[in-house]
Amino acid sequence: MSRAARDPWLLLGSLVFLAVALLVRVFCAQGELWLDEIWSLHLVDEIRRGEVLPSIATDNNHYLNTLYLWLAGPDRPPLIIRAFSILLGTAGVAMAGWLQRERGTGTVILTMGLFALAYPMVNAGSEARGYAGMMLCALISIALTERALEQRSARLGLWLGVSNVAGVLFQPLMAGLIGALGLWTLWTAWRERRGLRATYEIARDLFAWTIRLLIPVVLVVGAAVHFGSGYVLGGVSSFSAARMLEGVSRLFRHLLGLPDAVPEAAVLAIVLALTALAVALNRGDRRTALYLVVLFAMPAAMAAAHLPNTEIPRYYLLPGLAFLLLLGDLYGSLERRGVALGAVAGLAVTAILIGNSLEIEKLRRVGRGDVVGMLTRVLQEGPGPITSNTELRDRPVINYYLARLGIGAAFVDYADVCKTHPRWLLTSDLHADIPDDVTIGAPGCALAFRKEAHYDSWGLSGFPWTLYRAE
């Protein structure tokens, strides 16, 4: 008989949070697609036109998610387009609970609650991207590595390789977790005094299949980069330590359900305090070392490599996943130390869940973008040629909705605005200071535009959009 069957509270709590996880993700999957999702559909169109190499060598291609979109078809309703991520995100909640199965009923249920309602997890599990699949694979890989440290088996290594490579094919950030699992394996084997040779053999046997299965992936992507136009990033911002800290704090602000008014330094201080408390209470726990590697070594490696775009909060979803597991373990440790501490921990987790529920409601209210609203305004006030100063990023989105809404307006290349004067300028420019008046064109060809509408994005999906009309 399974433990869930023997423990009715565990069964009930697990079923409740699984149902909540599914319903919340379906709830948040309503509404129009946002920029990155439309770019994924654009890549499917490129593949169908035979432009395979350019579609492979781009950061917007989350390969297994793109495969699903190709099978489902680009013209399906948003809920169908996002259905794969909804199922993967819900499965991730179940996997998080299973990972905690030996740590007590309260730990299992609270961990599932955190994964079910944490806004970043809900956001990733309700959009047509690869992050939900990556996080499910991350949880599976943690479980397999943990088991392999206790029981050496070639089969475990094979399944770990499949999970690791599937995670990479969902989102390349999974490569960071593979490195973290490798470091954790080496540290754990060495700390348990297995000897230098045994430590090497354990790591070699465990990750041999991961390396074998990654080789063809690297070769295919490398060939696409070499024979195509290089590896294309949808947008590039140079590395900045200050912007990276901003991105990290935004991710953890959302995880903790804290209001936007809480200062960045306070968010990071809370994270560090909770981590330190968990480490102090679970000093002998093998998994604590993994949490520390993922929470600190992964962002440190990104900073040391001076990677671009590190201000994007979703790039820290894997450290966020480790933090949620750490919070579940922290609750279990406090609960075992007495009723009073358990009650305080329960209230803290309840506050986190309430804060995240408010963020989920805000996602439903604000949405992931307002391109449709702005193009509807264009339709009402008279269509005309449209351009964008961020053409590479915006053109597929604008063309997608022009066709969807039946608006007869041509998109003008930004380099050709002096030849064909656009009537509208619609841009997802990320500048914080959006001017009321802009001038585009070349010397001797100054085209003036006045701001008509602006949408300011919020959360982890979407871009700010601004609509200008030619004066």
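For the numbers below, each heavy atom of this structure counts, side chains included, while hydrogens, waters and symmetry mates do not.
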Quiz item: Any salt bridge between Glu51 and Arg49, counting N to O under 4.0 Å?
Solution: yes
Quiz item: Is the number of heavy atoms from other residues, nucleotides or ligands within 6.0 Å of CZ (Arg48) greater than 12?
Solution: yes
Quiz item: Roughly how far apart are Leu290 CG and Leu295 CG, rounded to 0.5 Å?
Solution: 9.0 Å
Quiz prompt | Exercise: identify the closest heavy-atom pair between Val372 and Glu32 | solution = CG2-CG, 3.6 Å
Quiz item: Hey, are Lys362 and Glu359 close enough for a salt bridge, meaning a charged N less than 4.0 Å from a carboxylate O?
Solution: no
Quiz item: Closest heavy-atom contact between Ala138 and Leu318?
Solution: CB-CD2, 3.7 Å
Self-check item: Test item: Ser40 side-chain N/O and Asp36 main-chain N/O as donor-acceptor pair under 3.5 Å
Solution: yes
Practice problem: Report yes or no: does Arg287 contribute a side-chain atom to a donor-acceptor pair with the main-chain N or O of Leu326 at less than 3.5 Å? | Solution: no
Quiz item: Which is it for Trp209 and Val165 under the side chain to side chain contact (heavy atoms under 4.5 Å, CB included) test, yes or no, and what are the steps along the way?
Solution: CA-CA 10 Å; Trp209 271 107; Val165 175; over 6 Å; no
Practice problem: Side-chain contact test, heavy atoms from C-beta onward, threshold under 4.5 Å: evaluate it for Pro435 versus Tyr468 and give yes or no. | Solution: yes
Quiz item: How many angstroms lie between atom CG of Leu43 and atom CG of Asn65, to the nearest 0.5 angstrom?
Solution: 10.0 Å
Self-check item: Considering all heavy atoms, the nearest Tyr131-Ala124 contact
Solution: CB-CB, 3.9 Å
Quiz item: Quick one: does Glu37's side chain have a donor or acceptor within less than 3.5 Å of a partner on Ala128's backbone?
Solution: yes
Exercise. State, with a plain yes or no, whether a side-chain heavy atom of Ile270 is found less than 4.5 Å away from one of Phe252.
Key: no
Quiz item: So which heavy atom on Pro422 is nearest to which on Thr387, and how close?
Solution: CG-CG2, 3.6 Å
Practice problem: Any chance you could measure Leu353, atom CG, to Phe17, atom CZ, to the nearest 0.5 Å? | Solution: 6.0 Å
Self-check item: Note, Thr66 side chain near Ile47 side chain (heavy atom, < 4.5 Å)
Solution: yes
Exercise. Drop me the distance from Thr390's OG1 to Leu35's CG, to the nearest 0.5 angstrom.
Key: 8.5 Å
Quiz item: Side chains of Leu255 and Val271: closer than 4.5 Å at any heavy-atom pair?
Solution: no
Quiz item: Donor-acceptor pair, Arg253 side chain versus Pro259 backbone, under 3.5 Å?
Solution: yes
Self-check item: Residues Thr275, Phe323; criterion side chain to side chain contact (heavy atoms under 4.5 Å, CB included); working and verdict
Solution: CA-CA 8 Å; Thr275 302; Phe323 185 68; 4.0 Å; yes
Practice problem: Please name the pair of heavy atoms, one in Met298 and one in Leu173, separated by the smallest distance, quoted to 0.1 Å. | Solution: CE-O, 4.4 Å
Quiz prompt | Main-chain N/O of Val168 paired to Tyr63 side chain as donor or acceptor, under 3.5 Å | solution = no
Quiz item: Between CD1 of Ile398 and CG of Leu375, what distance do you get to the nearest 0.5 Å?
Solution: 7.0 Å
Quiz item: Just wondering, are more than 12 heavy atoms of other shown residues or ligands nearer than 6.0 Å to CZ in Phe296?
Solution: yes
Quiz prompt | Point-to-point distance, once rounded to the nearest 0.5 Å, from CG of Leu363 to OG of Ser126 | solution = 6.0 Å
Practice problem: Evaluate the criterion salt bridge (Lys or Arg N to Asp or Glu O under 4.0 Å) for residue pair Glu361 and Arg364; output intermediate values, then yes/no. | Solution: CA-CA 5 Å; Glu361 166 58 22; Arg364 184 205 65 80; 3.0 Å; yes
Quiz item: Do Ser85 side-chain atoms and Glu127 backbone N/O form a donor-acceptor pair below 3.5 Å?
Solution: yes
Quiz item: Can you tell if the side chain of Phe115 reaches within under 4.5 Å of the side chain of Leu321, non-hydrogen atoms only?
Solution: yes
Quiz item: Can you find a heavy atom in the side chain of Ile352 that is under 4.5 Å from one in the side chain of Leu327?
Solution: yes
Practice problem: For the pair Asn356 (side chain) and Tyr119 (backbone), establish whether a donor and an acceptor sit closer than 3.5 Å, ignoring hydrogens and angles. | Solution: yes
Quiz item: Are any side-chain N or O atoms of Ser249 and backbone N or O atoms of Leu268, one a donor and one an acceptor, separated by less than 3.5 Å?
Solution: no
Quiz item: How are the rings of Phe84 and Phe170 set to each other: parallel, tilted or perpendicular (split at 30° and 60°)?
Solution: tilted
Exercise. Keeping the roles fixed (side chain from Arg368, backbone from Ser461), state whether a donor-acceptor pair exists under 3.5 Å.
Key: no
Quiz item: Under 3.5 Å, side chain of Gln30 to main-chain N/O of Val26, donor-acceptor pair present?
Solution: yes
Exercise. For the pair Cys137 and Asn164, evaluate side chain to side chain contact (heavy atoms under 4.5 Å, CB included) and give the outcome as yes or no after the intermediate values.
Key: CA-CA 7 Å; Cys137 290; Asn164 284 340; over 6 Å; no
Quiz prompt | Ring-ring centroid check Trp458 His254, cutoff 6.0 Å | solution = yes
Quiz item: Looking only at side chains, do Ser428 and Arg393 share a donor and an acceptor under 3.5 Å apart?
Solution: yes
Exercise. For the residue pair Leu33 and Tyr400, establish whether any side-chain heavy-atom pair is separated by less than 4.5 Å.
Key: yes
Self-check item: Distance-minimising heavy-atom pair for Val93 and Ala21
Solution: CG2-CB, 3.7 Å
Practice problem: Could you walk me through whether Ile440 and Tyr414 pass side chain to side chain contact (heavy atoms under 4.5 Å, CB included), step by step? | Solution: CA-CA 9 Å; Ile440 65 174; Tyr414 192 67; 3.2 Å; yes
Quiz item: Would you say Pro464 and Asp456 make side-chain contact, with heavy atoms under 4.5 Å?
Solution: yes
